[in-house]
Amino acid sequence: MLIFGWGWRVKHLRTLTLRCPYCGNTVAHPLYKKVLKLSLFFVPLIPLRVKHTVQCTACATERDADPALIS
């Protein structure tokens, strides 16, 4: 019997001060790196997808990060 699955691993990279396009506030936006990993017997092995997101601390809206913010 094989036990496998997948799940997101989230890592906080840094916090940026940006203007939110949804609520219009200039507040802190944490930058996250999210990696979708395939797990075998509860051990994460193979990364399937990587995405970077920022989240507004005022309205809690999360969106994909601009590639210029990542580097």
Side-chain angles (χ1 to χ4, degrees):
M1 177 195 307
L2 291 176
I3 300 174
F4 67 93
W6 55 88
W8 289 99
R9 306 288 187 241
V10 180
K11 182 179 180 182
H12 178 261
L13 298 177
R14 63 179 170 264
T15 302
L16 308 165
T17 303
L18 302 170
R19 184 175 184 275
C20 179
Y22 298 102
C23 67
N25 292 319
T26 303
V27 294
H29 286 71
L31 175 63
Y32 296 111
K33 178 180 181 180
K34 296 183 176 187
V35 180
L36 181 64
K37 288 195 173 186
L38 179 66
S39 301
L40 180 64
F41 294 105
F42 306 104
V43 178
L45 296 174
I46 303 169
L48 300 174
R49 183 175 177 201
V50 177
K51 69 180 193 176
H52 293 81
T53 61
V54 290
Q55 183 177 17
C56 178
T57 55
C59 66
T61 302
E62 188 172 304
R63 65 186 193 280
D64 290 336
D66 184 22
L69 297 175
I70 298 166
S71 54

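Hydrogens, waters and symmetry mates are skipped; everything else that's a heavy atom, side chains included, is used.
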> Are Leu36 and Phe4 linked, directly or through intermediate hydrophobic residues, by side-chain heavy-atom contacts shorter than 4.5 Å (ILVMFWY only)?
yes
> Using a 6.0 Å cut-off, check whether atom CZ of Arg19 has over 12 heavy atoms from anything other than its own residue.
no
> Taking atom CZ as the centre, does Arg14 end up with more than 12 heavy-atom neighbours from other residues, nucleotides or ligands that are less than 6.0 angstrom away?
yes
> I'd like to know if Leu40 and Leu38 are part of one continuous hydrophobic network [Ile/Leu/Val/Met/Phe/Trp/Tyr, side-chain heavy atoms within less than 4.5 Å].
yes
> Taking the side chain as every heavy atom from C-beta outward, state whether Leu69 and His52 have any atom pair closer than 4.5 Å.
no
> So, taking the atom named NZ in Lys51 and the one named NZ in Lys33, what distance separates them when rounded to the nearest 0.5 Å?
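Reported to 0.5 Å precision, the distance equals 14.0 Å.
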> Give the cluster check for Val35 versus Val10: same hydrophobic cluster or not, with ILVMFWY residues linked at side-chain heavy-atom distances below 4.5 Å.
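No: no chain of side-chain contacts under 4.5 Å links Val35 to Val10.
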> Looking at every heavy atom in both Ile70 and Leu31, which two are closest together, and how far apart are they?
CA-CD2, 4.5 Å
> Considering all heavy atoms of both residues, which atom of Cys59 and which atom of Cys56 are nearest to each other, and what is their separation?
N-SG, 3.5 Å
> Answer yes or no: is there a donor N or O on one side and an acceptor on the other, between the side chain of Thr57 and the main chain of Ala28, under 3.5 Å?
yes
> Tell me whether Trp8 at atom CH2 has more than 12 heavy atoms from other residues, nucleotides or ligands lying less than 6.0 Å away.
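More than 12 within 6.0 Å, yes.
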> For the atom pair NE2 (His12) and CD (Gln55), what is the distance rounded to the nearest 0.5 Å?
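Reported value, rounded in 0.5 Å steps: 10.0 Å.
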> Check the surroundings of atom CZ in Phe41: do more than 12 heavy atoms from other residues, nucleotides or ligands lie under 6.0 Å from it?
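Counting other residues, nucleotides and ligands, CZ of Phe41 exceeds 12 neighbours.
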> Hey, is NZ on Lys37 packed in by over 12 heavy atoms from elsewhere, all under 6.0 Å?
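Correct, the count exceeds 12.
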> Could you report the tightest heavy-atom contact between Ala58 and Cys23, atom names first, then the distance?
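Distance-wise, the nearest heavy atoms are CB-SG, 4.2 Å.
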